[in-house]
Amino acid sequence: MYRAMQGFPIAIMLTSAWQAQGLNSDLVERWDAHKDDDFGQLYPSTKRKTFLLDLAWDCVETIATLRSHRIPEPQEAWQDVSRSEKRLLSQIDAILSCGREIVLSISEMAFDPDLSDPDRVYAILMVIGCVDEEIWIRKAVDILQRAALNSPEERLAAIESMCLIPHPRVREFLAPLLDHHESNVRAAALEILAYRGQLGDKDVMRAINDSSPQVLTQVAANLDRLETSGVGEAHERLLTHSDEQVVRSAFYLGVWQSSPRAKHRMYELCMAERGSFAEAIVFLALLGDERDLAIIRSLIVGGTNRLALRAAGYFGHPDLIPLLTDVLRNAEEEIANETAVALNRITGANLTKTVEKFDYEPGDQEFFDQPPPGQVVLLPSTDYVAWSNWYTDNKVTFESNTRLRRGKQFGSSILLEELEIWISDRADRAITYLELRKMTQEGCPRFHPLDFVAVQEASLRELKRWEKEGRFRQLE
């Protein structure tokens with residue numbers, strides 16, 4: 001069973017569909033009405049099949065909905081989605097309990113004939129990827145190829161699902177796609193195999209000279225797997241590529257290896273593009289060199305560069321606090337929110353504001369007889385006066401040569417605390433893990449924000465063990 005699913009009852013054929021935990025209540029009622037019937041005798045086989053197919057399809061639609069529920073809301077802890085994950089897996093169990101004929105039928109329904117439906121693609125792949133038989137992995141690979149060519153949304157959904165499924169023969173059937181004539185398919189195969197830890201050195205070497213930016217983005221993300229003399233030259237080519245995603249991917253490797261060439265490229269882009277291309281200013285900040293304080297300060301001035309504001313939060317220098325606070329004086333909402341996040345990331349002050357969020361646009365209220373209530377959430381405060389007062393009261397506690405994160409000295413301990421407590425957003429969690437990787441010269445324990453909660457928890461335990469053993473380099 002693949003590690004992303006560890007600890008979950010996947011691909012277990014339940015004796016009765018109604019036993020699946022989390023099965024839709026309406027399905028339970030429908031099943032209870034017939035649970036004592038002998039379908040084989042009292043009903044024609046077509047009626048029995050129709051009933052089971054309806055039941056299975058309702059479960060497919062629930063899986064499709066639950067895909068987005070695995071992504072934490074801003075106010076949620078990342079662990080909160082585990083309930084949705086368990087419910088998602090119980091839907092798979094319920095579908096499998098309907099039998100082979102039903103699963104075959106729904107496997108042919110992965111695509112809406114009229115429009116793009118990425119969640120539907122995801123759901124079908126999650127189901128058939130949990131059955132250990134060759135026919136299912138062949139169907140899954142066929143669906144992946146079609147999705148990769150249909151639309152960007154369906155391609156991403158298929159990749160996500162193929163990353164997670166526990167079928168043991170994914171590598172065997174995806175490897176031929178690395179030479180597929182369509183670059184979208186080649187790139188998808190690279191990404192899936194890399195996530196699953198099944199991408200070989202030869203796979204990366206073969207793709208280094210590919211002309212497709214999508215393929216090269218995956219190559220850049222996996223160059224660290226190679227130990228050949230040509231890696232440095234390949235990395236340099238990718239750093240100067242014209243495609244933004246390729247360069248951004250190459251920056252990840254540059255940060256982890258503290259590459260002088262990557263830093264020089266980041267600096268060039270900060271001078272020429274104000275750090276916007278490939279988020280160069282953010283990656284420069286992740287390298288955490290105090291000599292770069294001046295360039296970050298210069299890009300913050302004026303308070304219009306969102307990426308510079310984000311970079312300031314990661315850079316964590318105390319001298320940036322009053323500059324960021326001053327941005328709040330006249331900032332528009334979008335800039336003010338980015339600034340508040342940066343201030344909280346540096347200081348740990350946790351100044352917040354209460355906001356009511358609605359599931360509909362303000363102009364849509366007229367369509368409701370009684371508009372549904374909004375959800376009250378806490379967001380970082382954008383109050384200039386509150387932050388000014390806080391800084392006045394606390395500035396004496398900061399040492400100008402100490403890099404901060406959440407008000408504490410930057411290091412592996414606070415990064416692990418962020419992963420466990422503070423950060424739910426997948427992209428932010430990936431960056432925080434990158435910062436941890438930068439603090440070790442050896443192979444850091446794997447962590448991926450796409451993993452199921454139970455797997456992320458296991459990864460964090462391993463990272464904490466490393467921290468306890470002193471295997472992360474601390475800043476001097």
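Everything quoted here is computed from the prediction, not taken from an experiment.
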Enquirer: Are Arg169 and Asp132 within salt-bridge range, i.e. N to O under 4.0 Å?
Expert: no
Enquirer: When you measure from the side chain of Arg471 to the backbone N and O of Leu463, does any donor-acceptor pair fall under 3.5 Å?
Expert: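 No, because the side chain of Arg471 does not come within donor-acceptor range (under 3.5 Å) of the backbone of Leu463.
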Enquirer: Using a 4.5 Å cut-off on heavy atoms from C-beta on, say whether the side chain of His69 contacts that of Val81.
Expert: no
Enquirer: Given the rule in the side chain to side chain contact (heavy atoms under 4.5 Å, CB included) test, do Phe410 and Glu435 qualify, once you have shown the distances and angles that lead to the verdict?
Expert: CA-CA 10 Å; Phe410 182 87; Glu435 292 181 293; 3.6 Å; yes
Enquirer: Looking at His241 and Val247, what are the two nearest heavy atoms and their distance?
Expert: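 What the structure gives for the nearest pair is O-CG2, 3.2 Å.
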Enquirer: Under a 3.5 Å distance rule, please check whether Glu76 uses its side chain to pair with a backbone N or O of Glu73 as donor and acceptor.
Expert: yes
Enquirer: Return yes when atom OH of Tyr391 has more than 12 non-hydrogen atoms of other residues, nucleotides or ligands closer than 6.0 Å, and no otherwise.
Expert: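 Check passes, neighbour count above 12.
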Enquirer: Hey, mind stepping through Asp119 and Ser68 against side chain to side chain contact (heavy atoms under 4.5 Å, CB included) and telling me if it holds?
Expert: CA-CA 8 Å; Asp119 293 339; Ser68 63; 5.7 Å; no
Enquirer: What pair of heavy atoms forms the shortest contact from Ala189 to Leu177, and how long is it?
Expert: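 Where Ala189 meets Leu177 most closely, the heavy atoms are CB-CB, 3.9 Å.
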Enquirer: Assess the residue pair Leu287 and Asp292 against the criterion (side chain to side chain contact (heavy atoms under 4.5 Å, CB included)); give the C-alpha distance rounded to whole Å, side-chain angles, the decisive distance to 0.1 Å, and a yes or no.
Expert: CA-CA 9 Å; Leu287 287 169; Asp292 299 318; 5.5 Å; no
Enquirer: How long is the span from the OG1 atom in Thr339 to the CG atom in Leu309, to the nearest 0.5 Å?
Expert: 4.0 Å
Enquirer: What do the steps show when you test Met205 against Ile208 for side chain to side chain contact (heavy atoms under 4.5 Å, CB included), and what is the final call?
Expert: CA-CA 5 Å; Met205 287 298 297; Ile208 277 180; 3.8 Å; yes
Enquirer: Counting distance only, does the side-chain N/O of Ser249 pair as donor-acceptor with the main-chain N or O of Ala221 below 3.5 Å?
Expert: yes
Enquirer: Looking at Cys444 and Arg437, what are the two nearest heavy atoms and their distance?
Expert: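 Heavy-atom minimum between the residues: CB-CG, 4.0 Å.
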Enquirer: Can you tell me how far CG of Leu343 sits from OG of Ser381, rounded to the nearest 0.5 angstrom?
Expert: 9.5 Å
Enquirer: State plainly whether the residues Arg406 and Glu417 are in salt-bridge range, i.e. N to O under 4.0 Å.
Expert: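 No, Arg406 and Glu417 are not salt-bridged.
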Enquirer: If the threshold is 4.0 Å, N to carboxylate O, is there a salt bridge linking Arg186 and Asp203?
Expert: no
Enquirer: Of Arg446, Arg196, Arg70, which is the lone residue that meets salt bridge (Lys or Arg N to Asp or Glu O under 4.0 Å) with Asp451?
Expert: Arg446
Enquirer: Going by heavy atoms in the side chains, are Phe251 and Leu269 under 4.5 Å from each other?
Expert: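 Side-chain contact under 4.5 Å: yes.
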Enquirer: Measure the CZ-CD1 distance between Arg405 and Ile414 for me, rounded to the nearest 0.5 Å.
Expert: 8.0 Å
Enquirer: Any sub-3.5 Å donor-acceptor pair from Glu462's side-chain atoms to Pro445's backbone N or O?
Expert: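 No; zero donor-acceptor contacts below 3.5 Å.
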Enquirer: Can you tell me how far CD of Glu236 sits from OG1 of Thr240, rounded to the nearest 0.5 angstrom?
Expert: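 Nearest 0.5 Å value for the OG1-CD distance: 6.5 Å.
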Enquirer: Between the side chains of Glu469 and Trp466, does any donor sit under 3.5 Å from an acceptor?
Expert: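 The answer is no; no qualifying pair exists.
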Enquirer: Report yes if some heavy atom in the side chain of Leu223 is under 4.5 Å from a heavy atom in the side chain of Leu238; otherwise report no.
Expert: yes
Enquirer: With side chains defined as the heavy atoms from C-beta onward, is the minimum distance between Trp422 and Arg345 less than 4.5 Å?
Expert: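 Answer no - side chains too far apart.
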Enquirer: Counting distance only, does the side-chain N/O of Ser161 pair as donor-acceptor with the main-chain N or O of Met126 below 3.5 Å?
Expert: yes
Enquirer: Is Glu290 salt-bridged to Arg297, going by a charged N under 4.0 Å from an acidic O?
Expert: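 Salt bridge between Glu290 and Arg297, a charged N being under 4.0 Å from a carboxylate O: no.
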Enquirer: Indicate the atoms forming the closest heavy-atom contact of Lys438 with Ser258, along with that distance.
Expert: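 Closest approach of Lys438 to Ser258: CE-OG, 3.7 Å.
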Enquirer: Between Ser259 and Val255, is there a donor-acceptor pair closer than 3.5 Å when you use the side chain of the first and the backbone of the second?
Expert: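 No, because the side chain of Ser259 does not come within donor-acceptor range (under 3.5 Å) of the backbone of Val255.
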Enquirer: Using side chain to side chain donor-acceptor pair (under 3.5 Å) as the criterion, list what pairs up with Tyr314, not counting sequence neighbours.
Expert: Asp428
Enquirer: Kindly indicate whether the side chain of Leu320, heavy atoms from C-beta on, has any atom under 4.5 Å from the side chain of Leu293.
Expert: yes
Enquirer: Kindly say whether Glu334 contributes a backbone atom to a donor-acceptor pair with the side chain of Asn337 at under 3.5 angstrom?
Expert: no
Enquirer: So, Arg329 versus Tyr384: side-chain donor-acceptor pair below 3.5 Å or not?
Expert: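 Yes, Tyr384 and Arg329 have a side-chain donor paired with an acceptor closer than 3.5 Å.
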Enquirer: Has Arg171 got a side-chain atom pairing as donor or acceptor with Gln198's backbone, closer than 3.5 angstrom?
Expert: yes
Enquirer: Within the structure provided, determine whether Leu415 and Phe472 are in side-chain contact (heavy-atom separation under 4.5 Å).
Expert: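 Heavy-atom side-chain distance check fails, nothing below 4.5 Å.
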Enquirer: Which atoms form the tightest heavy-atom contact between Arg120 and Phe111, and what is the distance?
Expert: NH2-O, 3.5 Å
Enquirer: Under 4.5 Å between any side-chain heavy atoms of Arg310 and Glu338, yes or no?
Expert: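 Arg310 reaches Glu338 side chain to side chain.
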Enquirer: Let me confirm one number: the CD1-CG distance from Ile71 to Leu66, rounded to the nearest 0.5 Å.
Expert: 12.0 Å
Enquirer: Under the salt bridge (Lys or Arg N to Asp or Glu O under 4.0 Å) criterion, do Arg138 and Glu134 qualify, and how do the steps go?
Expert: CA-CA 6 Å; Arg138 287 189 181 279; Glu134 184 173 317; 2.8 Å; yes
Enquirer: Given side chains that start at C-beta, do those of Gln75 and Asp80 come closer than 4.5 Å, heavy atoms only?
Expert: no
Enquirer: Trp78 side chain to Arg429 main-chain N or O, any donor-acceptor pair under 3.5 Å?
Expert: no
Enquirer: May I ask you to check if Arg67 and Tyr122 form a cation-pi contact, with NZ or CZ under 6.0 angstrom from the six-membered ring centre and within 45° of the axis?
Expert: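 Yes.
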Enquirer: Describe, in one word, how the ring planes of Tyr252 and Phe283 are oriented to each other, choosing from parallel (under 30°), tilted (30 to 60°) and perpendicular (over 60°).
Expert: perpendicular
Enquirer: When you look at CZ of Arg465, are more than 12 heavy atoms from neighbouring residues, nucleotides or ligands closer to it than 6.0 Å?
Expert: yes
Enquirer: What's the shortest heavy-atom distance between Ala285 and Ile296, and which atoms?
Expert: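 For Ala285 versus Ile296, the nearest heavy atoms are CB-CD1, 4.0 Å.
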Enquirer: Without swapping roles, check the side chain of Gln456 against the backbone of Pro449 for a donor-acceptor pair under 3.5 Å.
Expert: yes
Enquirer: Among all residues two or more places apart in sequence or in another chain, which pass the ring-ring contact (aromatic ring centres under 6.0 Å, His included) test with Phe447?
Expert: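 Phe447 satisfies ring-ring contact (aromatic ring centres under 6.0 Å, His included) with Tyr433 once adjacent residues are dropped.
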Enquirer: Are Glu268 and Arg265 ion-paired here, with the side-chain N under 4.0 Å from a carboxylate O?
Expert: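 Result for this pair is yes, salt bridge flagged.
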Enquirer: What's the separation between atom OG in Ser116 and atom CD in Glu154, rounded to the nearest 0.5 Å?
Expert: 3.5 Å
